[in-house]
Every structure is written in structure tokens, then in C-alpha cells.
Amino acid sequence: MIRAVIFDVGETLVRDDRYWASWADWLDIPRHTLSALVGAVVAQGRDNADALRLVRPDINVAAEYRAREAAGRGEHLDDSDLYDDVRPALAELRRLGVRVVIAGNQTARAGDLLRALDLPADVIATSGEWGVAKPQPEFFQRAVEAGQVPAEETLYVGDHPANDVFPAAAAGLRTAHLRRGPWGHLWASDPNVIATADWRIDRLTDLAAIVSD
């Protein structure tokens, strides 16, 4: 029985188009160049911020982030950044009595932006706010605490095997791998993902049937 669902953020709820486009504009390189580099580091299993380091090997990502914020060119989110199934899926889960938690590897600023969207969720938190990030076990402990039900009755939904499916399963949660975004599509047929994920889904609206089963 699933009584809480925890959602990853990037490429699960939120499209990353704006995020990477804004970095490309800030670094004054073509957007396609950075997009291709993100794909390359993803395929190699590297941190996606390594795409920025390939463009500028001496970059201090945190310092550049602060410079962007100071220049008024920092993070931004609005409804156009959400996938179209997000609000219907979250609202239906809450209607079914499921506790909805949003928790991903984002900055504290992103947490504020997500809460400003007034999503149908009980808790919205980020690694920047918690001081611990996926795939660390402590992140999933915090997420389960936010869900307020045991790990075995909690479903974690995400697109990234190494950050979502594998560590969530190791923490005792049920898992759903979402075939969405570069990570979700790249590893959709990976044997380890197939063996580990309890469910594999194409849309978040598929979750209502899972929790109702």
C-alpha cells in the first residue's frame, strides 16, 4: 500500500530547458552547444554541472551562480516550466488521500520558486535547504520523514537511476522510474533499472492507478 509519494524535481516535474538555456546565455555560448555537452556528460554518468566545466575549465560554479543572481539573471520558474501532467497528477494523488512530497537536488532559491507555484503538495524541499543531496542516504531519510509514513509505504518517483531509483530502493522505498528527459530516456531499457524499479511509467498520471491498486 502506497500512502506517500515523493517526487524528484528536474525532468520529473520541471523541464530543464530554461535552466540550461540561461547558463548558455550567461556563458555566451550557443544553447545547442551546452545542451549537447549536458547530454555527453549524462551518457558518461558524470555530474551534469561538468558540462559547464567543459566550456570553462576554471569555472567556479557556485560563484558564477551568485554572480547571475546579483545581475538579475538567476533562477526562474513559472507554470510554463512544468510538464503538463504535473498539476493533474499531484491533485489526483491528494484526492486519493496520498501525502505528496516534492524533494530534489535543487538550490534553496529553487525551493522558494517551487513553493510560489502553489502546487498541490504537502511538503516542498530541496537539497540546498536540507544540506544533504541525493544519492546520499540521509536525503532519503529526510524525504521519508517529510512523507510521515514508513519507507515501505512510500513511493519515490524520478528519472535518474543513480540519483533516484537505486538509492531510493536501497533506502527501502518503493520506486517508479519515469521515462522522461535525457536520463529517463537513456536508461529506460537498462537491465538494472528494470530489475530495481517497482514500476516504470511514461506519465505522472499513471501513478493514480498504482496507488489505487
Side-chain angles (χ1 to χ4, degrees), residues 2-16 19 75 77-79 81-108 110-130 132-136 139-169 171-185 187-188 193 196-212:
I2 301 298
R3 296 197 292 135
V5 179
I6 304 171
F7 290 89
D8 170 48
V9 178
E11 290 302 338
T12 295
L13 304 182
V14 174
R15 298 163 55 104
D16 282 345
Y19 178 83
E75 287 187 88
L77 283 175
D78 60 36
D79 265 72
D81 296 297
L82 297 175
Y83 280 97
D84 61 4
D85 56 357
V86 171
R87 288 190 183 277
L90 272 58
E92 178 63 10
L93 290 173
R94 293 188 80 187
R95 189 191 69 79
L96 292 170
V98 174
R99 187 165 173 84
V100 173
V101 176
I102 296 171
N105 278 357
Q106 271 75 33
T107 63
D112 291 336
L113 293 169
L114 285 165
R115 285 185 286 273
L117 294 177
D118 194 27
L119 293 167
D122 297 286
V123 176
I124 298 175
T126 67
S127 58
E129 294 168 324
W130 282 350
V132 62
K134 298 181 294 183
Q136 293 173 281
F139 178 93
F140 294 94
Q141 291 172 10
R142 292 290 299 269
V144 170
E145 290 170 2
Q148 299 183 359
V149 302
E152 62 269 21
E153 297 178 10
T154 302
L155 174 63
Y156 195 91
V157 182
D159 60 303
H160 198 302
N163 279 351
D164 298 322
V165 176
F166 299 151
L173 288 79
R174 310 296 296 277
T175 61
H177 181 244
L178 177 62
R179 188 174 182 268
R180 172 176 288 174
W183 298 271
H185 286 287
W187 284 298
V193 172
T196 303
D198 295 287
W199 294 277
R200 293 184 297 143
I201 62 175
D202 292 318
R203 290 184 58 81
L204 297 180
T205 45
D206 296 339
L207 294 168
I210 290 173
V211 303
S212 299

With [X] via side chain to side chain contact (heavy atoms under 4.5 Å, CB included) - residues at least two apart:
X    : value
D84  : R203
A116 : none
P150 : R3, E152, E153

Q) Judged by modelled atom types alone, do E75 and T107 share a side-chain donor-acceptor pair under 3.5 Å? A) yes

Q. Is it the case that T205 and D85 place a side-chain donor and acceptor less than 3.5 Å from each other?
A. no

Just so I know, are the side chains of [X] and [Y] near enough to count as touching, which here means a heavy-atom distance under 4.5 Å?
X    : Y    : answer
V101 : V5   : no
L82  : V14  : yes
V123 : R99  : yes
F7   : L93  : yes
L96  : S212 : yes

**Q.** side-chain contact (heavy atoms from CB on, under 4.5 Å) evaluation trace for H185 with R179
**A.** CA-CA 5 Å; H185 286 287; R179 188 174 182 268; 3.7 Å; yes

Q: Apply side-chain contact (heavy atoms from CB on, under 4.5 Å) to the pair V9 and L114, showing each step before the final yes or no.
A: CA-CA 9 Å; V9 178; L114 285 165; 4.0 Å; yes

Kindly compute the distance separating [atom1] ([X]) from [atom2] ([Y]), expressed to the nearest 0.5 Å.
X    : Y    : atom1 : atom2 : result
L207 : I201 : CG    : CD1   : 4.0 Å
D198 : I210 : CG    : CD1   : 9.0 Å
L90  : I102 : CG    : CD1   : 5.5 Å
F140 : E145 : CZ    : CD    : 13.5 Å

Q: Going by the side-chain hydrogen bond (donor to acceptor under 3.5 Å, both in side chains) test, name the single residue among N105, N163, D8 that passes it with K134.
A: D8

Q) Can a cation-pi geometry be assigned to R174 and Y156, taking NZ or CZ under 6.0 Å from the six-membered ring centre and within 45° of the ring axis? A) no

**Q.** Trace of the side-chain contact (heavy atoms from CB on, under 4.5 Å) decision for Y83 with L13
**A.** CA-CA 6 Å; Y83 280 97; L13 304 182; over 6 Å; no

Closest non-hydrogen atom pair, [X] against [Y]:
X    : Y    : answer
T12  : L204 : O-CD1, 3.7 Å
A91  : P120 : N-CG, 3.7 Å
R87  : L117 : NH2-O, 2.6 Å
I2   : A4   : CG2-O, 3.5 Å
P161 : P167 : O-CD, 3.6 Å
P135 : A162 : CB-O, 3.4 Å

Q. Would a line drawn from the ring center of W187 to the ring center of H160 be shorter than 6.0 Å?
A. yes

Q: Before giving the answer on side-chain contact (heavy atoms from CB on, under 4.5 Å), spell out for W199 and L155 the whole-Å C-alpha distance, their side-chain angles and the decisive distance to 0.1 Å.
A: CA-CA 10 Å; W199 294 277; L155 174 63; 3.7 Å; yes

Q. Do R94 and D122 meet the salt-bridge criterion of a basic N to acidic O distance under 4.0 Å?
A. yes

Q.
Check D202 with R180, please: is the shortest side-chain N to carboxylate O separation under 4.0 Å?
A. no

Answer yes or no: is there a donor N or O on one side and an acceptor on the other, between the side chain of [X] and the main chain of [Y], under 3.5 Å?
X    : Y    : answer
H177 : D159 : yes
E129 : T126 : yes
E11  : D16  : yes
R115 : I124 : yes
T175 : A168 : no

